[in-house]
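So that the names make sense, note that chain A is the first sequence line, chain B the second, and so on, each numbered from 1. What you see is a predicted model; the values in this text were computed from it and never measured. Reckoned from all heavy atoms, side chains included, excluding hydrogens, waters and symmetry mates.
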Amino acid sequence: MNAANILTAAIANSLRSKLRTVLTVVAIVIGAFTLTITSAIGTGVSNYIETQIGAFGAKDVLSVTKATDDTGQGDEGPAPYDPDDAIVGAGFAQFDAEALTEEDLAAIRAVEGIVDVSAVQQVNPRYAEYDGHGKFILGVNDSATLTTPDLSAGAPLDNSGGEPQILLVTSYVDALGFADEQAAIGKTIQIGVVDYLGEMHEVNATVAGIQNETILATGAALNQALLDELHTTQSVGRPQSASEGAILATARFDANATDEQVDDIQTALAGKGFAAATVADQIGIIQTVVDAIVALLNAFAVIALIAAGFGIINTLLMSVQERTREIGLMKAMGMGAGRIYALFSAEAVFIGFLGSVLGAGAAIAVGTAANGLLAGTFLADLEGLQVLRFEVAPVATIILIVMAIAFLAGTLPARRAARQNPIEALRYE
Amino acid sequence: MSDGVGEAILEAIDIHRSYGRGSSRFEALKGVSLRIDEGESVAIVGKSGSGKSTLMHLLALLDQPDDGALRIDGVDSSQLSARQLNRMRNQDFGFVFQQFFLTPNATVLDNVVLPLKIAGVSRRERKVRGMAVLTQLEMADKAKSKAVNLSGGQKQRVVIARALVNNPRVIFADEPTGNLDTGTGRLVEDILFSLNKEYGMTLVVVTHDSELAARCDRQLFIRDGRAVPATAISGAPA
């Protein structure tokens with residue numbers, strides 16, 4: 001009996017008791033389905049994050065904050081109050097961050113490798129309006145300098161010029177009443193901002209371009225001139241005693257710096273009491289969390305597969321029991337133990353193959369449908385995100401893993417079959 | 001068949017075989033010698049528990065003696081590897097069992113070509129040879145039927161077809177008519193003996209049926225694990 005014959009015989013044998021085989025296969029389908037889905041989510045999300053960083057994350061910028069000691073309840077109890085450590089910026093209060101002073105900025109600038117540093121001014125514009133078409137709430141991306149805009153029309157911001165400029169996200173084009181994206185370029189819009197005394201002012205800004213929304217940029221980007229103007233306007237009437245400062249600074253370094261040089265800069269900043277992270281670092285945290293969740297889900301799927309493996313053992317043991325006399329006959333007719341073993345192993349592997357292919361196929365079908373549904377509804381804002389991403393290599397790996405589990409499950413029954421004594425097997429009633 | 005007609009194809013020399021250990025030890029064969037020549041028909045006769053089946057299993061290389069020697073074409077079986085033993089059983093021996101041992105839901109043809117499948121014969125040749133042997137046994141019209149749907153006599157003919165499909169030199173038949181009525185049993189016997197006479201196939205029949213035994217060239221009577229003279233078995237032909 002050659003390999004092809006053994007395979008066809010094994011397939012025929014597995015189909016002899018259809019209901020039993022189907023039930024065993026269903027258990028594997030469930031495991032393989034889950035594993036395919038979870039690994040596709042992992043691939044999809046990682047892939048999205050990678051393209052986002054690769055395409056739009058500025059590679060020469062560090063975001064710098066003061067490294068915070070445990071200000072809350074640490075292991076050593078609450079930290080003592082320090083009046084100079086006033087926490088500022090209501091919007092940032094949750095970060096428990098300290099403001100950066102001029103001395104801090106100077107210290108950062110002094111670090112070797114840092115080309116430029118600027119405090120991130122927080123501005124709170126209320127609305128945007130174009131030509132009396134109605135007022136819309138304007139969200140601003142405070143860390144626009146950390147990203148390269150994904151422009152769909154127009155040009156990037158000019159940060160050196162004196163003209164106030166804005167990059168709007170695509171959803172504002174229709175709302176503000178522009179005919180299309182091109183029509184918006186170069187137009188002047190009014191931005192409403194409230195001063196310290198509660199009085200509304202309007203500031204003019206030119207639309208430099210339209211950008212797609214990405215996970216790194218979820219609001220309008222403003223150039224330095226516009227930021228300055230808005231900041232000046234909203235500070236009108238601010239009492240001298242009220243402290244205000246940026247809690248975040250962006251520091252530029254040489255775009256050609258190697259990873260080691262970036263590490264050195266980060267170490268130097270850490271030594272001076274600052275926390276500095278590149279865009280990749282920040283996204284890396286998300287990536288790590290995503291990876292951990294996906295790994296956990298994968299582990300559950302593998303547990304399901306191991307349970308299914310016991311199903312295979314059970315099915316094949318029954319099959320060996322039922323076919324005792326047949327095995328005895330085949331051995332009497334000169335079939336070697338190795339081939340009997342191969343016959344039952346092949347049956348196990350075939351069951352695994354059937355289950356994994358059906359499971360992976362179902363996962364791909366369901367996942368593709370789900371992708372379409374998700375992209376059209378609540379993930380519509382994240383353009384380019386394919387939550388489930390099915391690639392040949394991981395799917396093939398899953399099928400092979402399942403077949404390997406099935407093979408392992410088949411070893412016990414196959415050994416039992418191979419070891420049968422033909423005389424006793426033939427006497428078996 | 002290089003040894004020519006009249007040479008011993010199988011020879012057992014003072015073979016012993018026991019099962020179990022200690023107090024439950026049971027000696028099934030206590031020193032039996034037997035010589036079977038090419039083309040002979042030999043009956044191994046005895047009651048159940050006499051050791052006749054054990055002797056057949058040893059002759060058919062399904063088992064190995066504890067003591068004594070077993071020669072096939074003059075070669076000691078203990079010198080043969082497991083692979084050689086398997087090949088010999090597959091190519092030189094045919095088996096006919098009382099309980100048929102057919103795969104019930106497989107077709108008659110599939111059941112018949114099982115030894116060829118084990119031997120690794122191609123699908124096409126399996127079909128040709130399977131159909132040839134079924135035609136020889138007048139079962140060609142049942143080739144596509146499932147084995148489970150056959151009568152007892154038809155099943156035994158399928159079993160004989162399966163034993164013949166490899167063109168064996170020796171057919172071992174263990175109570176071949178035990179499950180059949182007298183008329184059908186007679187037909188099956190006729191088939192077996194015609195194979196022996198017309199094709200010179202060696203026939204080793206294990207039976208407790210004295211009539212069947214009497215049709216063989218020679219009889220070996222077994223009682224309590226030993227060969228005994230014919231007269232020692234009650235009802236045996238003189």
Side-chain angles (χ1 to χ4, degrees), chain A residues 1-22 315-316 318-347 350 414-415 417-429, chain B residues 17 19 28 48 53-64 80-107 110-123 126 146-147 159 162-163 165-166 168 172 174-175:
Chain A
M1 226 181 206
N2 57 29
N5 276 334
I6 285 178
L7 198 62
T8 48
I11 291 170
N13 289 342
S14 69
L15 297 178
R16 247 193 251 175
S17 181
K18 287 193 185 65
L19 181 63
R20 201 165 64 196
T21 304
V22 164
T315 300
L316 286 182
M318 273 199 268
S319 179
V320 170
Q321 190 88 354
E322 273 173 21
R323 281 151 61 191
T324 298
R325 302 211 308 193
E326 191 188 329
I327 295 163
L329 183 74
M330 289 194 290
K331 289 193 101 174
M333 286 178 170
M335 187 144 161
R339 281 166 185 190
I340 301 268
Y341 184 93
L343 186 63
F344 280 89
S345 285
E347 193 175 331
F350 172 70
R415 261 163 63 104
R419 285 184 168 184
Q420 256 169 20
N421 176 333
I423 298 167
E424 277 168 21
L426 287 173
R427 248 187 235 138
Y428 178 87
E429 291 303 322
Chain B
R17 181 73 173 98
Y19 300 104
S48 65
S53 290
T54 303
L55 178 59
M56 190 206 84
H57 291 148
L58 288 166
L59 290 171
L61 304 175
L62 289 168
D63 199 359
Q64 265 151 17
L80 298 170
S81 68
R83 186 180 289 262
Q84 285 173 310
L85 288 175
N86 278 335
R87 195 170 51 223
M88 200 163 268
R89 283 207 304 276
N90 183 251
Q91 295 182 353
D92 295 339
F93 296 168
F95 295 94
V96 176
F97 300 100
Q98 181 181 2
Q99 301 101 320
F100 313 134
F101 298 130
L102 294 169
T103 305
N105 287 314
T107 65
D110 282 345
N111 269 291
V112 167
V113 298
L114 182 61
L116 297 178
K117 213 170 173 181
I118 292 169
V121 173
S122 75
R123 179 181 289 271
R126 286 206 299 264
K146 290 203 166 166
V159 171
R162 183 175 67 192
V165 77
N166 256 353
F172 292 95
D174 189 356
E175 301 284 9

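In terms of modelled atom types and a separation under 3.5 Å, the side chain of A/S319 and the main chain of A/T315 share no donor-acceptor contact. Looking at B/R89, its side chain does come within 3.5 Å of a backbone N or O of A/K331 through a donor-acceptor pair.
Contacts of B/F93 with chain A are absent, with no heavy-atom separation under 4.5 Å from either backbone or side chain. Proximity to chain B (any heavy atom under 4.5 Å) is shown, for A/R323, by neither the backbone nor the side chain.
A donor atom on one side chain and an acceptor atom on the other are not found under 3.5 Å apart for B/R83 and B/N86.
For the set A/A337, A/G336, A/A332, A/P422, the count of heavy-atom pairs under 4.5 angstrom toward chain B peaks at A/A332.
Considering only heavy atoms from C-beta on, A/R16 stays 4.5 Å or farther from A/E322 through its side chain.
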